[in-house]
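Not measured: the values here are computed from a predicted model. The analysis underlying the following values was restricted to heavy atoms, covering all of them including side chains, and did not include hydrogens, waters or symmetry mates.
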Amino acid sequence: MHFDPREQAALREVGLDTDDLEAASDLVADAVDEAAADLAGFFDGGGPYYSDMDTAHSDGGLREHDVDHLDVYTHAADLRGYLKFDRWGVPVEDGRVLNEETVELTLGDTVNDRVRFATDPDAL
């Protein structure tokens with residue numbers, strides 16, 4: 001089940017029973033699966049992609065990226081994966097689609113930041 005024991009106790013206190021908790025947990029998992037599919041689909045467009053990622057020796061402007069793919073998987077409420085650029089990659093934890101042109105990902109080691117990606121630089 002998605003909810004930890006404290007969350008389960010709080011939800012029971014407001015009137016949810018075990019069936020309600022399981023239904024809510026299933027809805028959370030379904031929403032995460034849908035987000036993962038939407039994020040992977042976003043990066044299947046061929047690019048180029050633009051981001052607000054801070055990088056070493058940057059001028060603080062937007063970055064253009066060639067993205068090979070986003071390999072993403074889910075487990076209950078967790079969304080994790082790996083964003084593969086043309087020459088490097090970075091772990092991904094969590095993400096969401098902001099609109100048709102923009103997504104936001106939490107990038108792990110080497111970046112350690114929340115980064116927005118867009119198909120149009122003006123969307124950033």
Side-chain angles (χ1 to χ4, degrees):
M1 182 176 296
H2 161 70
F3 303 107
D4 69 32
R6 287 187 191 117
E7 292 169 330
Q8 289 178 40
L11 291 169
R12 281 192 180 97
E13 194 169 316
V14 298
L16 298 181
D17 63 20
T18 300
D19 290 340
D20 293 331
L21 292 174
E22 288 176 4
S25 182
D26 290 344
L27 289 172
V28 169
D30 291 346
V32 173
D33 288 343
E34 186 177 320
D38 291 346
L39 289 167
F42 179 84
F43 288 104
D44 281 345
Y49 299 95
Y50 304 89
S51 80
D52 60 0
M53 184 186 321
D54 286 332
T55 57
H57 310 293
S58 71
D59 60 3
L62 299 179
R63 304 282 159 269
E64 183 175 332
H65 306 279
D66 290 323
V67 174
D68 185 274
H69 68 281
L70 174 64
D71 182 19
V72 64
Y73 62 92
T74 65
H75 183 287
D78 291 334
L79 185 151
R80 297 180 188 272
Y82 195 77
L83 183 61
K84 177 71 172 86
F85 297 93
D86 60 340
R87 297 182 192 171
W88 65 290
V90 63
V92 172
E93 293 183 16
D94 195 23
R96 63 186 178 142
V97 174
L98 300 176
N99 57 49
E100 288 184 16
E101 297 177 320
T102 312
V103 300
E104 186 177 61
L105 302 173
T106 300
L107 303 182
D109 290 344
T110 71
V111 177
N112 294 318
D113 201 3
R114 192 90 173 147
V115 178
R116 290 181 301 149
F117 290 88
T119 55
D120 178 354
D122 293 331
L124 295 173

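- In this structure, Q8 and L11 have side chains that are not in contact, with every pair of non-hydrogen atoms separated by 4.5 Å or more.
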### Task
Please step through side chain to side chain contact (heavy atoms under 4.5 Å, CB included) for the pair L70 and V92, ending with a clear verdict.
CA-CA 9 Å; L70 174 64; V92 172; 3.9 Å; yes
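- V28 and A77 make their closest contact through CG1-CB, 3.8 Å (heavy atoms, listed as atom of the first residue, atom of the second, distance).
- Summarising the geometry, atom CG belonging to D38 is positioned 10.5 Å from atom CD belonging to E100; distances are rounded to the nearest 0.5 Å.
- Residue V72 is grouped with residue W88 when hydrophobic side chains (ILVMFWY) are merged at heavy-atom distances under 4.5 angstrom, including chains of intermediate members.
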### Task
Take T106 and R114, measure what side-chain hydrogen bond (donor to acceptor under 3.5 Å, both in side chains) needs, and give me the verdict at the end.
CA-CA 4 Å; T106 300; R114 192 90 173 147; 2.4 Å; yes
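- Using a 4.5 Å heavy-atom cutoff, the side chains of E93 and L105 are not in contact.
- Between T18 and R12 there is a side-chain heavy-atom pair separated by less than 4.5 Å.
- Ring centers of H65 and F117: under 6.0 Å apart, within the cut-off.
- Atom NZ of K84 sits about 7.0 Å away from atom OH of Y82, to the nearest 0.5 Å.
- Around CD of E64, the count of heavy atoms belonging to other residues, nucleotides or ligands within 6.0 Å exceeds 12.
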### Message
With side chain to side chain contact (heavy atoms under 4.5 Å, CB included) as the criterion, how do L39 and V97 come out once you've worked through the C-alpha distance, each side chain's angles and the decisive distance to 0.1 Å?
### Response
CA-CA 7 Å; L39 289 167; V97 174; 4.1 Å; yes
#### Entry: Pair L124-T102, side chain to side chain contact (heavy atoms under 4.5 Å, CB included): steps then yes or no
CA-CA 8 Å; L124 295 173; T102 312; 4.2 Å; yes
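- For E7 (side chain) and D4 (main-chain N/O), a donor-acceptor pair under 3.5 Å exists by modelled atom type.
- Looking at L107 and M53, their side chains come closer than 4.5 Å, going by heavy atoms from C-beta outward.
- Rounding to the nearest 0.5 angstrom, the gap separating the CD atom in E104 from the CG atom in D52 is 8.0 Å.
- When the ring pair (Phe, Tyr, Trp, His ring centres under 6.0 Å) test is applied to Y49, the partners found at least two apart in sequence or on another chain are F42, F43.
- A pairwise comparison of heavy atoms in L83 and V67 identifies CD1-CG1, 3.7 Å as the closest pair.
- R80 and D94 are not joined by a salt bridge, as no carboxylate oxygen comes within less than 4.0 angstrom of a charged side-chain nitrogen.
- Hydrophobic clustering (ILVMFWY, side-chain heavy atoms < 4.5 Å, transitive): V115 and F85 are in one cluster.
- Looking at every heavy atom in both residues, T74 comes nearest to A36 through CG2-CB, 3.6 Å.
- Within a 6.0 Å radius of CD in E34, other residues, nucleotides and ligands contribute 12 heavy atoms or fewer.
- No side-chain heavy atom of D68 sits less than 4.5 Å from a side-chain heavy atom of D86.
- Looking at L98 and R116, their side chains come closer than 4.5 Å, going by heavy atoms from C-beta outward.
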